[in-house]
Colleague: 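Dropping a structure here in structure tokens format, bear with me for questions.
Keep in mind the model is a prediction, meaning the values are calculated, not measured.
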Amino acid sequence: MSRVLVVGAGVIGLTSAVRLLEAGHRVDVVARDLPLETTSAVSAAFWYPYRALPQDKVTAWSKTSYAVFDALADTDPESGVAMVEGTEIFKRREPDPWWISAVPSLDRQTSLPHGYVDGWTFVSPIIEMPVYLPWLAGRVEELGGTITRLNLKALPTGPDVVVNCSGLGARLLAADRSVVPVRGQVVCVEQTGLKRWLVEPEAPTYVFPRSHDIVIGGTDDEGEWSRTPSPETAAAILRRAEVLVPELRGAKVVRHKVGLRPVRPAVRLEGDGAVIHCDGHGGAGVTLSWGVADEVVALSG
Ligand SMILES: Cc1cc2nc3c(=O)[nH]c(=O)nc-3n(C[C@H](O)[C@H](O)[C@H](O)COP(=O)(O)OP(=O)(O)OC[C@H]3O[C@@H](n4cnc5c(N)ncnc54)[C@H](O)[C@@H]3O)c2cc1C
């Protein structure tokens, strides 16, 4: 049993903490932002391997997470995870997605909106982050871990193992300038009875139904740091979504949100002395979370 300090209370830090505690380690989490203040809280959060590499590892991590989310949706409704069917649509013919082996099944779609020639339908976890992050934090505490607010200037030395799950914070804490922000803006509207998700990757446009609202996106602006929602961007997001999902017309807007995805040329998951770096999950941190957490435990020895 080791004394482990996890830096970061987003989905990656909390999931790693849960798996480390289950493996019998003593775990404390420290973070500048508490769970509901993180980028993870802005996440849409749909299981989908997006803006994260390398493809082989991302597929394997995503597959592990898919199975965990599927089980949670079945056994633990309090977790905020639901398995939802939906469709991704394309204006051109597409080969099978590179991550196809991570999902149990994926069917080609023939009934498509005007202007679209290809698409696929599959069942995917939708993870309601305002419910899920407190649930994860509760798991950390139930298992004997702690979560403390602390703004670090450097990774601490002293614990047996330090796990760096600082997302974009790795630019400072690991002097890693290859992690860059990719700004994402979403609009949440009231639930109108929508049951299926829809993704159109070109714009991109996505619509994810949750229990009380619908998350509509999005944007994908590399190198942008502003976390202030733009009204013009929100209007454009809604316009695009309403064309594809007419049921959204007139739905009341309840929230605007912006987050900065921590994108890196490849996810960093490696040991370096007493430090395990686990960051750079891009647009797929939730999707990868249970897979990478298992690997953090394996690296912690
Ligand atoms: C609009 C949007 C939509 C998204 N949709 C999806 C989706 O549908 N599916 C999906 O899988 N992913 C999605 N993502 C991506 C996902 O949100 C991220 O990949 C994920 O949140 C990264 O998690 P993380 O724990 O690494 O980072 P974060 O959630 O950013 O957490 C980092 C933690 O490190 C702490 N930290 C940083 N610096 C310091 C410091 N100096 N001292 C102490 N603590 C520090 C922070 O305070 C925070 O607690 C989306 C992102 C956005 C913005």
Colleague: Establish whether L168 and V180 are linked, either directly or via other cluster members, by ILVMFWY side-chain heavy-atom contacts under 4.5 Å.
Modeller: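 Per the 4.5 Å side-chain linkage, L168 and V180 are not co-clustered.
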Colleague: Roughly how far, to the nearest 0.5 Å, is CG of D294 from CH2 of W61?
Modeller: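 With rounding to 0.5 Å, CH2 (W61) is 11.5 Å from CG (D294).
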Colleague: Do side-chain atoms of W197 reach the backbone of V84 as a donor and acceptor pair under 3.5 angstrom?
Modeller: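 Between the backbone of V84 and the side chain of W197 there is a qualifying donor-acceptor contact (under 3.5 Å).
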Colleague: Taking all heavy atoms of A9 and all of I147, pick out the closest pair and write down the distance.
Modeller: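 Closest approach of A9 to I147, heavy atoms only: CB-CG2, 4.4 Å.
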Colleague: Would the distance check show the side chain of R171 and the main-chain N or O of V179 forming a donor-acceptor pair, the cut-off being under 3.5 Å?
Modeller: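 Flag set: sc R171 to bb V179 pair under 3.5 Å.
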Colleague: Would you give me the side-chain donor-acceptor pairs under 3.5 Å for residues 23-33, sequence neighbours excluded?
Modeller:
residue	atom	partner	partner atom	Å
H25	ND1	S2	N	3.1
H25	NE2	S300	OG	3.4
R26	NH2	D28	OD2	3.3
D28	OD1	T146	OG1	2.6

Colleague: Could you check T15 against L136 for side-chain contact (heavy atoms from CB on, under 4.5 Å), going step by step and ending with a plain yes or no?
Modeller: CA-CA 7 Å; T15 314; L136 264 186; 3.6 Å; yes
Colleague: Please say which of E247, E88, E85 ends up in a salt bridge (Lys or Arg N to Asp or Glu O under 4.0 Å) with R196.
Modeller: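 Only match with R196 under salt bridge (Lys or Arg N to Asp or Glu O under 4.0 Å): E85.
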Colleague: Establish whether V161 and L155 are linked, either directly or via other cluster members, by ILVMFWY side-chain heavy-atom contacts under 4.5 Å.
Modeller: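 Different hydrophobic clusters.
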Colleague: Closest approach of V140 and L21, non-hydrogen atoms and distance?
Modeller: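 Scanning both residues, the minimum pair turns out to be O-CD1, 3.5 Å.
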Colleague: Mind checking whether L5 and R3 have side chains closer than 4.5 Å, heavy atoms only?
Modeller: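 A side-chain contact under 4.5 Å is absent here.
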Colleague: Contact between S211 and Q191 at the side-chain level, heavy atoms closer than 4.5 Å - yes or no?
Modeller: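 S211 does not reach Q191 side chain to side chain.
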Colleague: Does some side-chain heavy atom of V42 sit less than 4.5 Å from a side-chain heavy atom of V258?
Modeller: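 Counting from C-beta outward, V258 and V42 never come under 4.5 Å.
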Colleague: side-chain contact (heavy atoms from CB on, under 4.5 Å), that's the test. Do E224 and T219 meet it? Break it down for me.
Modeller: CA-CA 11 Å; E224 279 294 330; T219 60; over 6 Å; no
Colleague: Could you note down all residue pairs passing side chain to side chain donor-acceptor pair (under 3.5 Å) where residues 89-107 supplies at least one of them, sequence neighbours left out?
Modeller: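 Output for this query lists D96-R108.
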Colleague: Do other residues, nucleotides or ligands put more than 12 heavy atoms under 6.0 Å from the NZ atom of K57?
Modeller: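 Not more than 12 within 6.0 Å, no.
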Colleague: Is it the case that over 12 heavy atoms from other parts of the model lie below 6.0 angstrom from the CD atom of E78?
Modeller: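 Result for CD/E78: open.
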Colleague: Okay, side chain of E200, backbone of T205: is any donor-acceptor separation there less than 3.5 Å?
Modeller: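 Not at all, since once roles are kept as given, no pair shorter than 3.5 Å links the two residues.
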Colleague: Using the rule given for side-chain contact (heavy atoms from CB on, under 4.5 Å), can you reason through V186 versus Y206, listing the C-alpha separation, both sets of side-chain angles and the distance that settles it, and then say yes or no?
Modeller: CA-CA 9 Å; V186 295; Y206 51 80; 3.4 Å; yes
Colleague: Kindly compute the distance separating CG (L244) from CD1 (I89), expressed to the nearest 0.5 Å.
Modeller: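 That separation rounds to 4.5 Å.
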Colleague: If you group Ile, Leu, Val, Met, Phe, Trp and Tyr by side-chain heavy-atom gaps below 4.5 Å, do V286 and V131 land in one group?
Modeller: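 No; V131 is not reachable from V286 via cluster members.
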Colleague: What I'd like to find out is whether the side chain of D176 reaches to under 4.5 Å of the side chain of D279, using heavy atoms alone.
Modeller: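 Yes. Closest side-chain heavy atoms under 4.5 Å.
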Colleague: Which residue in the set T233, T228, V187 passes side chain to side chain contact (heavy atoms under 4.5 Å, CB included) when paired with H256?
Modeller: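 Of the listed residues T233, T228, V187, the side chain to side chain contact (heavy atoms under 4.5 Å, CB included) partner of H256 is V187.
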Colleague: Looking only at atom types and distance, does a side-chain atom of T287 sit under 3.5 Å from a main-chain N or O of Y48, one as donor and one as acceptor?
Modeller: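 Such a contact is found between T287 side chain and Y48 backbone.
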Colleague: Taking atom types as modelled and ignoring hydrogens, do the side chains of T121 and Q109 form a donor-acceptor contact shorter than 3.5 angstrom?
Modeller: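 Their side chains do contain a donor-acceptor pair, which is all the 3.5 Å distance test asks for.
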Colleague: Looking at every heavy atom in both I216 and L248, which two are closest together, and how far apart are they?
Modeller: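 Reported closest heavy-atom pair: CD1-CD1, 3.9 Å.
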Colleague: Taking the side chain as everything from C-beta on, heavy atoms only, tell me whether R183 gets closer than 4.5 Å to L260.
Modeller: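 Result yes, sub-4.5 Å side-chain heavy-atom pair found.
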Colleague: Taking C-beta and beyond as the side chain, do L36 and P134 meet within less than 4.5 Å on heavy atoms?
Modeller: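 L36 reaches P134 side chain to side chain.
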Colleague: Working to the nearest 0.5 angstrom, can you tell me the gap between L288 CG and S62 OG?
Modeller: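 Those atoms lie 4.5 Å apart.
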Colleague: When hydrophobic residues are tied together by side-chain contacts of less than 4.5 Å, even through go-betweens, does L198 share a cluster with I214?
Modeller: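 L198 clusters together with I214.
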Colleague: Can you find a pair of side-chain heavy atoms, one from L133 and one from T38, that are under 4.5 Å apart?
Modeller: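 The answer is yes, as the side chains (C-beta and beyond) meet within the 4.5 Å cut-off.
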Colleague: Whether the side chain of S65 engages the backbone of W290 through a donor-acceptor N/O pair (distance < 3.5 Å, no angle test) should be reported.
Modeller: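 Yes: the side chain of S65 pairs with the backbone of W290.
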Colleague: Report yes if the side chains of H212 and V254 come closer than 4.5 Å at any heavy-atom pair, otherwise no.
Modeller: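 Side-chain contact under 4.5 Å: no.
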Colleague: Of all the heavy-atom pairs spanning V243 and R249, show the shortest one and how long it is.
Modeller: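 Closest approach of V243 to R249: CA-NH2, 4.2 Å.
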Colleague: Quick one: pull up CD1 in I127 and CG in L72 and give me the separation to the nearest 0.5 Å.
Modeller: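 These two atoms lie 9.5 Å from each other.
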Colleague: Could you give the distance from OH (Y132) to CZ (R210), rounded to the nearest 0.5 Å?
Modeller: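 So the gap between those two atoms works out to 14.0 Å.
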Colleague: Do L143 and W135 sit in the same hydrophobic cluster, where Ile, Leu, Val, Met, Phe, Trp and Tyr count as joined when their side-chain heavy atoms come under 4.5 Å apart?
Modeller: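 Shared cluster, yes.
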Colleague: In terms of ring plane angle, is the pair W47 and Y66 parallel, tilted or perpendicular, where the classes change at 30° and 60°?
Modeller: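 It falls in the perpendicular class, over 60°.
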Colleague: Closest approach of S289 and I12, non-hydrogen atoms and distance?
Modeller: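 Reported closest heavy-atom pair: CA-CD1, 4.1 Å.
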Colleague: Carefully, step by step, assess V11 and S43 under the rule side-chain contact (heavy atoms from CB on, under 4.5 Å).
Modeller: CA-CA 10 Å; V11 72; S43 182; over 6 Å; no
Colleague: Are R51 and E222 close enough, and set up right, to give a salt bridge (charged side-chain N to carboxylate O under 4.0 Å, His left out), and what steps lead you there?
Modeller: CA-CA 11 Å; R51 287 207 81 143; E222 190 156 335; 2.8 Å; yes
Colleague: Any donor-acceptor pair under 3.5 Å linking the side chain of R139 with the backbone of A17?
Modeller: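 No; zero donor-acceptor contacts below 3.5 Å.
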Colleague: Looking at every non-hydrogen atom in both residues, tell me the closest pair between F69 and V81 and how far apart they are.
Modeller: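 Distance-wise, the nearest heavy atoms are O-CG1, 3.5 Å.
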Colleague: In Å and rounded to the nearest 0.5 Å, what is the CG to CG distance from L299 to D272?
Modeller: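 Result: 11.5 Å between the selected atoms.
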